[in-house]
Structure formats: C-alpha cells, structure tokens
Number of protein chains: 2
Amino acid sequence: MTQAAFFVLTALADQPRHGYGILREVEELSGGAVQMRVGTLYGVLDRLTADGLIVLDREEVQQGRLRRYYRLTDEGTVALAAEAERLAAGASAAKKRIAEGRRSPRPAPGRTSGTTDGPLAGPGLAGGLA
Amino acid sequence: MTQAAFFVLTALADQPRHGYGILREVEELSGGAVQMRVGTLYGVLDRLTADGLIVLDREEVQQGRLRRYYRLTDEGTVALAAEAERLAAGASAAKKRIAEGRRSPRPAPGRTSGTTDGPLAGPGLAGGLA
DNA sequence: CACGAATATATCGGCTCCCGATATATTCAG
DNA sequence: CTGAATATATCGGGAGCCGATATATTCGTG
C-alpha cells in the first residue's frame, strides 16, 4: 500500500467523494502537509478500483461540471484499517527506539575491545510492538 | 520519506548496525511483516547517506567477513522522529474516519458545522497489534 | 466583455525507487 | 563436498509519483 493510496482511502473513509474533492480533503485532513497532485490521483484511483478497494459510487453533473464519486468497498475499509494498524505500529516502534538510543548511545561501555560476540539482536526486540 | 528508508532509520535508531544486520532487524521489529530485500537496502543506504541522515560509523572484519556499520546522524534522528509523528497522525486520522463512516454511512452532504475538527495530531496512538 | 482563478476531468514523459536475480567470498553444519 | 547462513554489491525491469499539459465550465474582478 503506497502512501498516496492510503490517503485516498482515508479521504473516502467517512463518505463518498469525487476526484477533486479527494485532493482537497487529503490536504485538509493532513493539515496541509500532504498535497497530492492530479497526476498521482487518477493512477491511484484506477489501481484501487482494479484491486476492489474502491468503486464508482455515482456520477453527477453539477453546473455543467461532471462529478465522479468514489466510495470504499468493505474490502477497502478492511485494508485501510489494517494499514492504519501497521503505520501506528511502525511509528510506535520508531519512537520507542529513538528513546532507547538516547538512553544508551553507545552500547556496553567498558568492553569495546576484544569482544567476540556481543549480544546484538538479542531477546526483547521480537514482536515488541505492544 | 519512503517506507524502506523509514524502516532502515528505525533499525538504526537504538544502535549502529551493518547492512545484513539491518535486514534481520527490520524483519524482527516488524514482527516478520516487512522483509526488505538486499537490492532495496543498498540503494536506501546510499540515499540516506547522501541526504546526511546516516553516516558510516566504522568497518570491522570479523572472521573474514567485512561488516560496515552505519549510524544515525542528529539530522537523521530528527527526521525519523518527524516521520514517526506523521505516520502516527495519519493512522490516527484513518481510524477516526473509519469509525465516523460506520456511524453514519451517508451523512448530510456538506459540512455545515464548520469543520472544527482540526488536522492531524489527534489523540495519542495506541499502537496495538491485534 | 475579457481575464484569471477555481472547479473538474484526464493523459503523458520523466524520474525515483523497490524488487528479483545475480555475483563474490567466507564460515559452519552435515 | 555441498548447502545454508553471513555479508557485501550491482543491474535490469517495473511500479508509482510528479510536473506539465489539455479541455471545459463557472465565478469574481476589472
């Protein structure tokens, strides 16, 4: 799941939106940090549709302008939730490790020479994203 | 910041590691979910070095095998922390929206209440791996 | 009325980046 | 000796994002 796809799914999570509306919504929900381009959007839309994560909900013509609304499928909602979990877990792991690195910038002070096999990658790190 | 770069920085956040060690560490810290390939690693390493987010810490020869250790720079630590915040915020926003969409699958069109729910940086992420 | 900005769709070339395959070399287990 | 693990690195293919471009209507400004 690419970042652009994630944001499109997020923008569609609460209600169906049309392409241009997705662009504005992504910018808004990210606080202006993410500015997806039109050239990116339609590729993502096609890919997500092909993957069955979104579908064309309806087409409206408002004031002469075509609006093509997309919405999440059940599969898309599940995929978005799973991706959100992965991102949260990754972010949590990174924060935890930054804190660990600050606590001991240099592991095992005092035995820098002659050490054959330090306990690198020891226990305690496995699956620790609780 | 690409996903691969994020995981490399995360693997290096607590202590310096060499390439192959990063590969194993990324797999371990993600609970086996992320399996970065060697072909990906070295490109990321070069890019992160060029960007000043990591540096070559030292080179060791252990049992005839060269080990090239990399470590985070201060800039790299800052960038990783910032990226972790972004990911957590995005994940939080997605979860919130999924809940909203389930509560009212077709809400009233238009947001007459003024959209006071600000951008990201919502509640702290739980980061649970269900 | 003319003009630019905003709305709204879509396409294309270029560039970055990830993956699979491949290559080299040593150590250890069978 | 053979295979697996460790450890480095490169290359080609393909996926995906961005900037530019195109078309068309509405609205505000001059």
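Chain identifiers are assigned alphabetically (A, B, ...) following the order of the sequence lines, protein sequences preceding nucleic acid strands; residue numbering begins at 1 within each chain.
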**OP:** Locate the shortest heavy-atom distance separating A:Y69 from A:L56; write the atom from each residue and the value.
**Re:** O-CD1, 3.3 Å
Nearest whole angstrom, please: distance from the [atom2] of [N] to the [atom1] of [X].
| X | N | atom1 | atom2 | value |
| --- | --- | --- | --- | --- |
| B:Y20 | D:dT6 | OH | P | 4 Å |
| A:Y69 | C:dA8 | OH | C1' | 11 Å |
| B:Y42 | D:dA7 | OH | P | 10 Å |
| B:L45 | C:dT16 | CG | C1' | 17 Å |
| B:I22 | D:dT6 | CD1 | P | 15 Å |
| B:D46 | C:dC17 | CG | P | 11 Å |
| A:Q3 | C:dC18 | CD | P | 11 Å |
| B:L23 | D:dA9 | CG | P | 12 Å |

Subject >> A:R17 vs A:E25, salt bridge (Lys or Arg N to Asp or Glu O under 4.0 Å): CA-CA, chis, key distance, verdict >> reply: CA-CA 9 Å; A:R17 293 176 197 276; A:E25 189 62 21; 3.4 Å; yes
Subject >> Residue that, paired with A:D57, satisfies side chain to side chain donor-acceptor pair (under 3.5 Å) out of A:R68, A:H18, A:R71 >> reply: A:R71
Counting only side-chain heavy atoms from C-beta out, which of [options] sits nearest to [X]?
| X | options | value |
| --- | --- | --- |
| A:R47 | C:dA10, D:dT8, D:dC17 | D:dC17 |
| B:T2 | C:dT11, C:dC17, D:dA7 | C:dC17 |
| B:M36 | C:dC17, C:dC19, D:dG16 | C:dC19 |

Original post:
Using a cut-off of 4.0 Å between protein heavy atoms and nucleotide atoms, how would you tag nucleotides 20-30 of chain C 5' to 3' with B, S and -?
Top reply: BB----BB---
**OP:** Using side-chain contact (heavy atoms from CB on, under 4.5 Å) as the criterion, point out the one residue from B:V78, B:D14, B:T77 that pairs with A:I98.
**Re:** B:T77
Subject >> N or O in side chain of B:R24 less than 4.0 angstrom from D:dA5 OP1/OP2 >> reply: no
Original post:
Which residues pass the side chain to side chain donor-acceptor pair (under 3.5 Å) test with B:E83, sequence neighbours left out?
Top reply: B:R86
Original post:
Would a distance-only check, ignoring hydrogens and angles, find a side-chain to backbone donor-acceptor pair under 3.5 Å from A:T73 to A:G52?
Top reply: yes
**OP:** Please collect all side-chain hydrogen bond (donor to acceptor under 3.5 Å, both in side chains) contacts where either partner lies in residues 32-52 of chain A, sequence neighbours excluded, each pair once.
**Re:** A:E27-A:Q35
